[in-house]
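All ligand and atom numbering here is 1-based and tracks the order in the structure. None of these values were measured; they are calculated from a predicted model.
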Amino acid sequence: MGTAIEWTDTVWNPVTGCSKVSEGCRNCYAFALHDMRHKAFQEGKKLPQQYAKPFNEIQLFPDRLLQPLKWKKPRRIFVNSMSDLFHGHVPDEFLDQAFAVILACAILEGRNHTFQILTKRPARMQRYFIDREPTELVKAWAKAGDGWIHVGDGDEYFSGYIGSITRYEWNADGSAKAGSEYKPFGHLEGIFPLPNVWIGTSVENQQAAADRIPLLLETPAAVRFLSCEPLLGPVDLEFWTQFDHPDNEGYGVEAIKGIDWVIAGGESGKNARPMHPDWAEDLRDQCEGYGVQFFFKQWGEWAPVHELLCNEPGIKGKPWYHFDPDISVCRVGKDRAGRVLDGLEWDEFPAYQERLLK
Ligand code: SF4
């Protein structure tokens, strides 16, 4: 399924439905879109059955799990654009099945996708990834794929296949490394953390940064990212002075090195809140300073127009918001506002992932 989201190619929605957890959720587009269709469904409009239920009911769609294995061209896949994969009502067993598919894509020829998983529930995500030892977790994913994920000539159980490729450390010629102990699921280099997964959390303001970034950093991942959209306040990534954590040493600047990519953007939609241009520019500057890749998604509904006059064509009569005497934004609409920051479009991606997509 194509998407208008600038930093991905496709969405994959094996789960729909969610509930609001923080300020960033206030104008959730998925909520608004689903509930509009739910109302239309109730009024008798012909729509898919998923709209029979309101958005706050979590719905699992096992029949969608195999979709990525059918897509042959490498894609960036945004997982659950209409939900949060780590919502408390998504059972671990279903997560295991979703990760079985992702694992299959990591090891099968011609399924070189990248899975972008973004959550506002990093506590559950962290527990999911660390409560079981990596060996147990990979084994659970492999077993969850038995009988419906087909590998080899199709008659081998998925868990048998994963067990066999992880039984030794391998040399480049396919022989077992000298001294490597026979242990199915015991040799996980290149498999765990999953090399084809980017794990991200939403950071709309400093509170979300303090609450969520430590949990993200404690989650094993090949690539970690932040989605600072909608950006509702300034975010200082050197946040170690703002949160109290028993392992505080090693956070701060060292922690930023654990972040590979930052997306930033203003809010769009009917009730969009304005973003101060300094918040986006400052985040960009921090990323540049620390060597973190930066992607500016959009200004959103409100664009900085302090260099323009109120009677400029296209500006006249539109609502304004004045942050201070020097900085104003005008509600010109998402398309007109565009995505140019300081004269440039910022389209950086994690270098690691770019290699995987080739
Ligand atoms: S977590 Fe995401 S999908 Fe869920 S309500 Fe918030 S913004 Fe919407």
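Remark: Glu43 does not engage Arg37 in a salt bridge, criterion side-chain N to carboxylate O under 4.0 Å.
Counting heavy atoms from C-beta on, the side chains of Trp170 and Ser175 never come closer than 4.5 Å. At a threshold of 4.5 Å between non-hydrogen side-chain atoms, the residues Arg124 and Asp92 count as touching.
What sits closest to atom 5 (S) of ligand 1 on the protein, heavy atoms only, is Ser19 O, 3.6 Å. In this structure, the protein non-hydrogen atom closest to atom 7 (S) of ligand 1 is Lys120 NZ, 3.5 Å. Distance from atom 8 (Fe) of ligand 1 to its nearest protein heavy atom, with residue and atom name: Cys28 SG, 2.4 Å. When only non-hydrogen protein atoms are considered, atom 4 (Fe) of ligand 1 lies nearest to Cys18 SG, 2.3 Å.
Looking at Cys25, Ser83, Ser202, it is Cys25 that brings a heavy atom closest to atom 6 (Fe) of ligand 1.
If you check the side chains of Ser81 and Asn13, you find a donor sitting under 3.5 Å from an acceptor.
Only the side chain of Arg121 comes within contact range of ligand 1, with a heavy atom under 4.0 Å; no backbone atom does.
Pairs engaging residues 130-150 under the side chain to side chain donor-acceptor pair (under 3.5 Å) rule: Asp96-Arg132, Arg127-Asp131, Tyr128-Trp141, Asp146-Ser159 [sequence neighbours left out].
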